[in-house]
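First the structure, in the form of structure tokens, and then the observations on it.
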Number of protein chains: 2
Amino acid sequence: MNKKTSTPTMKDVAREAGVSLGTVSNVFNGAQVSESYKIKVEEAARKLGYKVNRYARGLKTNQTRTIAFICPGTDHPFFADMANYISKALQEQGYRMMLAVTQYSPDMEQKCIQMVTENKVDGIIALTYNPDLIIDENLPFVSIDRFYSESVPCISCDNYAGGTLAARKLCELGATKLLFFNIAPAVSGEPDKRQAGFESWCRFHNVPFESIVSSDDQAFRPFLNLVRDRIHDGKPDFDGIFCNTDKLAYVICQILKENGISVPEDVQVIGFDGINMFGDNMMPCVSSIVQPVEQMALQAVSMLLSADRTHLPTLTCLPVRYRPGGTTREDFVKEYIYGNGEKEPN
Amino acid sequence: MNKKTSTPTMKDVAREAGVSLGTVSNVFNGAQVSESYKIKVEEAARKLGYKVNRYARGLKTNQTRTIAFICPGTDHPFFADMANYISKALQEQGYRMMLAVTQYSPDMEQKCIQMVTENKVDGIIALTYNPDLIIDENLPFVSIDRFYSESVPCISCDNYAGGTLAARKLCELGATKLLFFNIAPAVSGEPDKRQAGFESWCRFHNVPFESIVSSDDQAFRPFLNLVRDRIHDGKPDFDGIFCNTDKLAYVICQILKENGISVPEDVQVIGFDGINMFGDNMMPCVSSIVQPVEQMALQAVSMLLSADRTHLPTLTCLPVRYRPGGTTREDFVKEYIYGNGEKEPN
DNA sequence: AAATTTTAATGAAACGTTTCAAAAAATGAC
DNA sequence: GTCATTTTTTGAAACGTTTCATTAAAATTT
């Protein structure tokens with residue numbers, strides 16, 4: 001019967017309700033409309049099964065209430081959690097989320113930005129590694145874990161504090177000779193501060209340590225070699241390791257075990273990220289400095305959507321916390337005497 | 001200088017290049033245009049930094065090259081992996097992905113469908129639980145793990161075969177008294193077939209078994225109670241457990257350990273999903289029936305985008321495989337004699 | 001070189017909204 | 001009951017594309 005089989009438009013609703021197009025628009029936008037007209041329009045809309053066409057609306061209003069989240073991929077729990085929280089927060093505010101994955105490729109990062117820009121998103125939250133990323137100044141942008149410039153707000157956890165916390169915890173739990181293992185892409189970012197924090201704490205407290213960095217994202221060999229070199233008569237000459245990610249921490253534990261070293265008895269290990277597989281159900285997991293993923297996500301969303309974007313902080317560091325797991329000896333707590341002679345606050 | 005500070009449009013490009021609007025459009029759409037004009041247009045576009053406005057294009061062409069993926073949330077590795085593969089596949093084909101999370105709420109599932117429909121996505125891939133979901137017949141839709149109707153293609157792994165495989169493996173590895181643990185939302189779906197497959201194999205091979213189902217998504221108590229009841233003099237009266245998810249398997253292992261039962265020596269456990277934390281780096285993980293997540297994702301995308309959507313299969317089951325982990329005794333392999341007197345193929 | 005055919009370029013209309021100036025209706029004051 | 005004022009409703013224009021019927025130009029044939 002219907003002339004058109006396609007989805008009904010506002011024009012159809014207007015005809016059905018016997019009012020003008022503008023009135024229909026006013027109803028849906030909460031403008032002043034008499035009660036009787038309002039009812040007529042709403043009834044017609046229901047009857048026809050009318051749904052707003054956001055593409056048409058976006059064209060006219062120049063805002064789409066869609067934002068993009070760009071990250072390497074949701075195959076890593078940290079990114080997956082981030083995507084989840086961001087998506088949830090956006091939906092609650094009536095926004096939609098476009099997910100773009102880059103697989104750590106700088107080219108893809110740029111391409112994704114282009115892609116979502118064409119799609120007229122209202123803003124971008126990005127977790128990128130390309131230091132030369134070209135960012136359109138006119139499009140609201142919030143960066144996670146990478147500082148670009150004064151005009152691009154960056155959100156991260158307090159990586160420096162996380163580094164010091166890891167060092168402190170290891171020592172409190174009885175470790176005396178520490179190692180820092182860092183596996184990371186070649187470019188620098190906020191997470192580098194984990195190392196700085198760790199080293200600075202060790203130096204200040206006169207704890208011997210060593211840092212080993214592998215810039216190849218997949219290469220565990222440097223760590224493997226080092227571990228082997230350091231085992232004399234079946235005993236390692238270190239007793240605490242801080243890894244810059246939980247993933248690395250798991251691998252290191254594996255390596256240690258394969259070399260006959262037991263964790264946490266011989267060597268204690270602390271990771272970074274606070275990945276909790278399957279909620280909190282899976283114990284034991286690696287002991288870790290946990291990032292406040294949810295708060296970071298909420299902060300990113302709120303900054304991106306903030307009405308006044310002219311006075312946003314350049315860098316926002318959210319607090320981390322220590323989560324005991326199966327790779328540290330929580331039974332062993334040493335009242336560690338700190339440099340200034342007092343116990344530091346937790 | 002520029003009259004307008006906003007992003008340049010095709011009209012601006014046309015003016016800059018000294019050609020008509022239609023010609024600019026033709027250039028970007030690969031229609032027949034003389035070489036000289038083409039160059040003029042492309043140069044003008046580059047100079048102005050022109051980017052197509054996909055909202056305007058979508059309005060006119062009625063297709064947005066955006067598809068929606070709806071799932072409970074990317075906080076679960078299975079969904080996260082699925083999202084990742086789908087997103088990747090779509091991007092490779094020039095599509096964008098909108099992610100909508102439902103947190104297992106039937107209402108949210110419907111709301112998400114409404115939301116992405118308004119957004120004029122070209123199709124939906126959904127992993128939903130609401131059995132009464134209203135699906136618009138005119139919008140391409142592919143369901144994962146839930147069968148809706150003949151007109152909605154459903155993709156899943158071969159859950160039934162997975163169930164039989166789990167039972168078979170447990171027996172091959174020496175288990176003789178089996179348990180099936182199922183924790184699931186109250187509604188039925190393809191994954192229910194895991195139980196059917198498991199039970200049927202056990203019955204056919206005369207292996208004693210018992211199935212325990214908890215319909216409350218979070219309630220592990222039934223399993224805990226059962227395990228305790230079944231321990232006499234420190235020894236359980238079962239020696240193999242098949243859990244319908246890896247997550248549950250981890251919890252069960254935990255429960256067993258807390259009750260003084262060692263895995264896999266006393267009891268062997270097999271989960272379902274094949275979640276691999278952090279790629280393949282983390283060993284040991286739970287032994288598992290692994291779902292072909294990537295193939296499922298690719299299949300879903302290809303079906304959704306298929307040119308001829310009239311002859312799509314109603315249900316597509318992709319093959320599963322067994323992945324040994326730390327919760328089974330791979331050292332113990334019994335040449336199990338099957339019902340028909342022959343060794344079944346793997 | 002004129003007539004014909006083929007090819008390329010043009011510009012107006014349309015997609016489904018919002019917006020806004022103008023018209024119409026309702027209300028209030030006298 | 002008229003006029004002034006306020007409130008509500010209307011309908012055309014615009015957003016940035018694509019499409020398509022025309023027109024113009026080029027190529028081919030006579």
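By convention in this document, chain letters (A, B, ...) are assigned in the order of the sequence lines, proteins followed by strands, and residues within each chain are numbered from 1.
- B/Val152 and B/Ser143 make their closest contact through CG1-CB, 4.0 Å (heavy atoms, listed as atom of the first residue, atom of the second, distance).
- Under the ring pair (Phe, Tyr, Trp, His ring centres under 6.0 Å) criterion, A/Tyr50 pairs with A/Phe28, sequence neighbours left out.
- Counting to the nearest Å, the C1' atom of C/dT17 and the CZ atom of A/Arg57 are 8 Å from each other.
- C/dT18 atom C1' lies 18 Å from atom OH of A/Tyr55, rounded to whole Å.
- What separates CZ of A/Arg65 from C1' of C/dT17 is a distance of 16 Å, to the nearest Å.
- Contact check, B/Asn29 against D/dT18: a side-chain N or O comes under 4.0 Å of OP1 or OP2.
- For the pair B/Thr61 and D/dT18, the criterion of a side-chain N or O lying under 4.0 Å from OP1 or OP2 is not met.
- Summarising the geometry, the separation between CD on A/Gln63 and P on C/dT18 is reported as 11 Å, rounded to the nearest angstrom.
- The ring pair (Phe, Tyr, Trp, His ring centres under 6.0 Å) analysis of residues 110-149 of chain A, with sequence neighbours excluded, yields the pairs A/Tyr104-A/Tyr129.
- Nucleotide D/dT17 holds its C1' atom 12 Å from the NZ atom of A/Lys120, rounded to whole Å.
- To the nearest angstrom, P of D/dG11 lies 13 Å from NZ of A/Lys11.
- Rounded to whole Å, the distance from CG on B/Asn53 to P on C/dC15 is 18 Å.
- Taking the centre and axis of the six-membered ring of B/Tyr85, the NZ or CZ atom of B/Lys88 falls outside the cone set by 45° and 6.0 Å.
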Can you check each nucleotide of nucleotides 9-14 of chain C against protein heavy atoms at under 4.0 Å and return B for base, S for sugar-phosphate only, - for none, in 5' to 3' order? SBB--B

